[in-house]
Protein chains: 2
Amino acid sequence: MTVSYTYNRVDRVSAESREKVLQAAAELGYAGPDPAARSLRYGNTRTLGVILGEHLTYAFDNPQAVTFLAGIAEVCADRGYGMLIVPIAGGAEDSLRVSEVAVDAFIIWTTTDDDPVLDAVSGSGRPAVIHGGPVRAGFKLVSIDNRAAAFAMGMKTFAGAHRPAILSFPLDSSRKTVLAAGIDPDTVRFPVTRQRLLGYRDAIEALGLDWNDVVVGATATNNEGEARSLAETMFALEQPIDAIAAMSDDLALGVLDAATSAQLTVPETLSVSGWDNSRASALHQLSSVAQNLRAQGALAARLALGEEPGLAPDDWSVVVRASTGEPATQRTEHGNTPIRRMGANREPFVRSDGLS
Amino acid sequence: MTVSYTYNRVDRVSAESREKVLQAAAELGYAGPDPAARSLRYGNTRTLGVILGEHLTYAFDNPQAVTFLAGIAEVCADRGYGMLIVPIAGGAEDSLRVSEVAVDAFIIWTTTDDDPVLDAVSGSGRPAVIHGGPVRAGFKLVSIDNRAAAFAMGMKTFAGAHRPAILSFPLDSSRKTVLAAGIDPDTVRFPVTRQRLLGYRDAIEALGLDWNDVVVGATATNNEGEARSLAETMFALEQPIDAIAAMSDDLALGVLDAATSAQLTVPETLSVSGWDNSRASALHQLSSVAQNLRAQGALAARLALGEEPGLAPDDWSVVVRASTGEPATQRTEHGNTPIRRMGANREPFVRSDGLS
DNA sequence: CTGTTAGCGCTTTCAG
DNA sequence: CTGAAAGCGCTAACAG
């Protein structure tokens with residue numbers, strides 16, 4: 001039939017025939033080429049698959065993940081690619097769903113080292129870009145150097161402290177709330193969390209403190225309320241905590257709230273820092289690690305599409321505000337770590353090995 | 001080949017053959033059935049298409065849209081459906097993209113009455129659910145009664161005011177910033193915005209005020225900073241504004257900020273209300289219209305999947321806090337409007353006609 | 001400019 | 001339990 005040409009090669013069909021075809025289509029209720037048949041024929045789907053954590057719906061509650069998604073969406077909208085959110089629900093059927101999804105490539109929001117979904121992605125044979133970690137053969141990685149950033153922020157947060165503590169994301173998939181000292185970072189299966197713990201430990205040791213004395217509180221979710229109650233527990237310890245580095249601004253805000261209730265002055269009796277430089281962190285004069293998750297999302301999308309982006313998005317920086325005792329609005333740039341260099345000749349913001 | 005059975009009807013193939021097939025697959029690098037071919041054969045894709053406003057990336061910056069998405073995601077994760085975000089970029093090619101996308105049904109985040117994307121969805125012949133509006137033959141609608149809710153909140157916000165004003169979403173797709181009196185709501189092409197303006201006008205008239213005196217400020221984006229500067233202009237008018245109903249909490253927070261700078265006391269000299277009952281609205285004692293966008297997202301997804309949900313999500317309510325001059329934390333339930341009744345026999349939270 | 005043919009990879013009869 | 005054949009709807013290549 002000429003009908004295919006009518007829809008695809010407008011120039012290779014006479015206006016007359018074209019009109020006839022369109023008319024017939026209208027009568028028959030034909031809605032144009034079927035996309036599924038098309039992608040079978042073409043061998044591609046013009047769709048990117050996005051895999052969001054252990055359960056899809058957690059991700060939408062997480063402003064960082066949403067920002068990352070916005071970056072992917074930007075590139076997809078520009079290139080005309082669909083963005084297919086894969087229905088991950090934390091069950092055994094997740095792997096099946098990954099292999100049953102019609103996409104050209106995958107983008108994965110950071111997950112545990114041993115998430116079976118990663119095997120399913122490998123098994124699908126399609127290109128994959130992972131954000132944050134874990135590092136995997138065949139997967140491209142988009143990530144800041146979380147360890148270096150945590151180290152830099154740890155140095156600010158813990159400077160002068162005697163009883164430092166860390167407020168962490170969950171340490172394993174059980175997501176149990178934990179409060180303990182001397183946690184071994186290497187036992188943590190979430191690579192981003194692990195790298196940050198390692199970075200904080202680096203700072204503790206650089207400051208001459210003992211890691212085994214450092215209390216780590218891990219919340220079940222990235223939730224301000226939970227952070228507040230953990231902080232309250234920390235303030236009630238025999239030797240009360242005097243510095244807390246939190247892995248998100250939400251957690252840090254919970255700490256600030258608890259500090260207000262406990263009438264602790266920040267930063268004099270308590271130094272606090274967060275992560276991701278949210279609007280709220282600026283509002284509350286909270287020192288925070290800044291990174292451009294939107295740019296990272298866009299980068300991940302470009303890599304997934306097989307583009308070779310020459311320009312890297314900004315790397316991380318430490319934004320120092322009043323909560324860690326330095327003059328407000330001072331901004332210290334970092335990122336010239338051994339792993340990722342800034343400046344004219346900086347390396348591309350991509351790694352496919354070794355970070356973990 | 002027996003290979004298909006290996007993957008689909010595990011019971012109809014001997015363990016031995018199955019093993020052989022799997023082994024061969026591994027050697028040949030066969031990654032399992034191709035999803036595109038599968039959906040061609042099955043005639044369905046197990047994927048829901050989501051269309052987000054005039055440009056995809058705006059939506060991710062809009063916490064309300066994100067909450068709605070979370071609701072869709074919840075249902076998709078549960079049912080094993082993919083959630084395909086259609087790459088809408090505000091150009092002529094958007095319609096093409098809609099028809100080229102392999103999905104079983106569409107969910108549309110509210111857009112203008114005449115958005116051509118809607119025609120493309122109609123033309124695709126696939127089921128569609130629209131959130132907020134516009135109302136269209138063949139599309140299911142999930143929406144609160146924005147007019148009734150705006151009326152109820154208008155009555156609280158404008159009570160006792162002499163110079164009321166409204167802070168609105170854009171009035172047309174040009175998204176120009178506007179500040180004018182006596183706007184005719186019926187000229188506004190965004191149905192949600194139109195309904196809310198109509199509701200506020202109903203309140204103005206019920207309070208014996210003149211709509212032609214009511215200043216309407218429309219921001220280009222849902223942005224606190226822009227709201228602040230519009231509010232500042234309003235405060236500098238010959239007869240300064242003494243009540244502002246805003247269509248989002250973000251806008252209302254900008255007003256509160258401007259009020260603080262202008263040393264206006266809230267609610268004594270300025271009454272303010274917002275919309276969507278965000279965390280920040282509670283924090284700042286801002287009266288706000290509450291609706292459960294997450295439940296609406298979930299409902300939209302169930303409808304798109306052809307389910308007939310018996311239970312409707314909660315309807316809207318007016319949450320009165322200190323910013324409109326009533327005792328804090330008092331909560332007035334509404335929703336028993338002519339259009340959508342609450343209570344034991346309430347109508348399903350779905351309409352497919354007439355709201356606009 | 002138009003019509004025919006083959007085949008993308010799969011699953012589902014239907015026979016063996 | 002396994003094999004063969006047909007066809008989902010499309011498009012690229014080739015002939016007319």
Side-chain angles (χ1 to χ4, degrees), chain A residues 1-47 49 80-82 84 93 95-105 120 123-127, chain B residues 1-47 49 80-82 84 93 95-105 120 123-127:
Chain A
M1 303 264 260
T2 322
V3 61
S4 177
Y5 284 135
T6 306
Y7 287 96
N8 293 289
R9 297 260 205 267
V10 183
D11 45 320
R12 280 178 67 168
V13 86
S14 72
E16 188 188 356
S17 306
R18 184 184 151 79
E19 207 44 60
K20 234 161 54 188
V21 168
L22 256 36
Q23 174 119 13
E27 277 172 33
L28 270 59
Y30 174 78
D34 179 82
R38 242 175 181 210
S39 38
L40 175 59
R41 185 65 241 251
Y42 284 140
N44 70 269
T45 60
R46 295 189 65 82
T47 298
Y81 266 71
L84 177 59
E93 68 284 4
S95 300
L96 196 62
R97 290 175 176 178
V98 166
S99 52
E100 283 180 348
V101 109
V103 299
D104 295 340
S124 79
R126 280 166 284 192
Chain B
M1 303 267 259
T2 322
V3 62
S4 177
Y5 284 136
T6 306
Y7 286 96
N8 294 289
R9 296 259 204 269
V10 182
D11 45 321
R12 281 177 68 170
V13 86
S14 71
E16 189 188 354
S17 305
R18 184 183 150 77
E19 206 45 57
K20 234 162 54 188
V21 168
L22 257 36
Q23 174 119 15
E27 277 172 34
L28 270 61
Y30 175 77
D34 178 83
R38 242 174 180 209
S39 38
L40 175 59
R41 183 69 239 252
Y42 284 139
N44 70 267
T45 60
R46 295 189 66 79
T47 298
Y81 267 70
L84 178 60
E93 67 285 5
S95 301
L96 196 63
R97 290 175 177 179
V98 166
S99 52
E100 283 180 348
V101 111
V103 300
D104 294 341
S124 79
R126 280 166 284 193

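Chain naming here is simple, since letters A, B, ... match the order of the sequence lines and numbering starts at 1 in each.
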Can you check the A/Tyr42 OH to D/dG9 P distance for me, whole Å?
-> 17 Å
Within this structure, what is the CD-to-C1' distance between A/Glu19 and C/dT2, rounded to whole angstrom?
-> 17 Å
Gap between atoms CG and P, on A/Asp34 and C/dC8 respectively (whole Å) | 18 Å
May I ask you to verify if any side-chain N or O of B/Tyr30 is less than 4.0 angstrom from the OP1 or OP2 atom of C/dC10?
-> yes
Just how far, in rounded Å, is C1' of D/dT11 from CZ of A/Arg46?
-> 16 Å
Hey, does A/Arg38 reach any base, or is it just sugar-phosphate, or nothing, if we go heavy atoms under 4.0 Å?
-> sugar-phosphate
Think A/Ser17 has a side-chain N or O under 4.0 angstrom from the OP1 or OP2 of C/dC1?
-> no
Looking only at heavy atoms, what is the nearest atom pair of A/Ala102 and A/Thr45, with distance?
-> O-OG1, 3.6 Å
Rounded to the nearest angstrom, tell me the gap between atom CD in A/Glu16 and atom C1' in C/dT2.
-> 12 Å
Expressed in angstrom and rounded to an integer, what is the separation of A/Arg41 atom CZ from C/dG9 atom P?
-> 10 Å
Give the minimum heavy-atom separation between A/Ala31 and B/Ser124, together with the two atoms involved.
-> CB-O, 3.6 Å
Looking only at heavy atoms, which two atoms of A/Pro35 and B/Val101 are closest? And how far apart?
-> CG-O, 3.3 Å
Round to a whole Å and report the spacing from CG of B/Leu40 to P of C/dG7.
-> 17 Å
Any donor-acceptor pair under 3.5 Å linking the side chain of B/Arg126 with the backbone of B/Val103?
-> yes
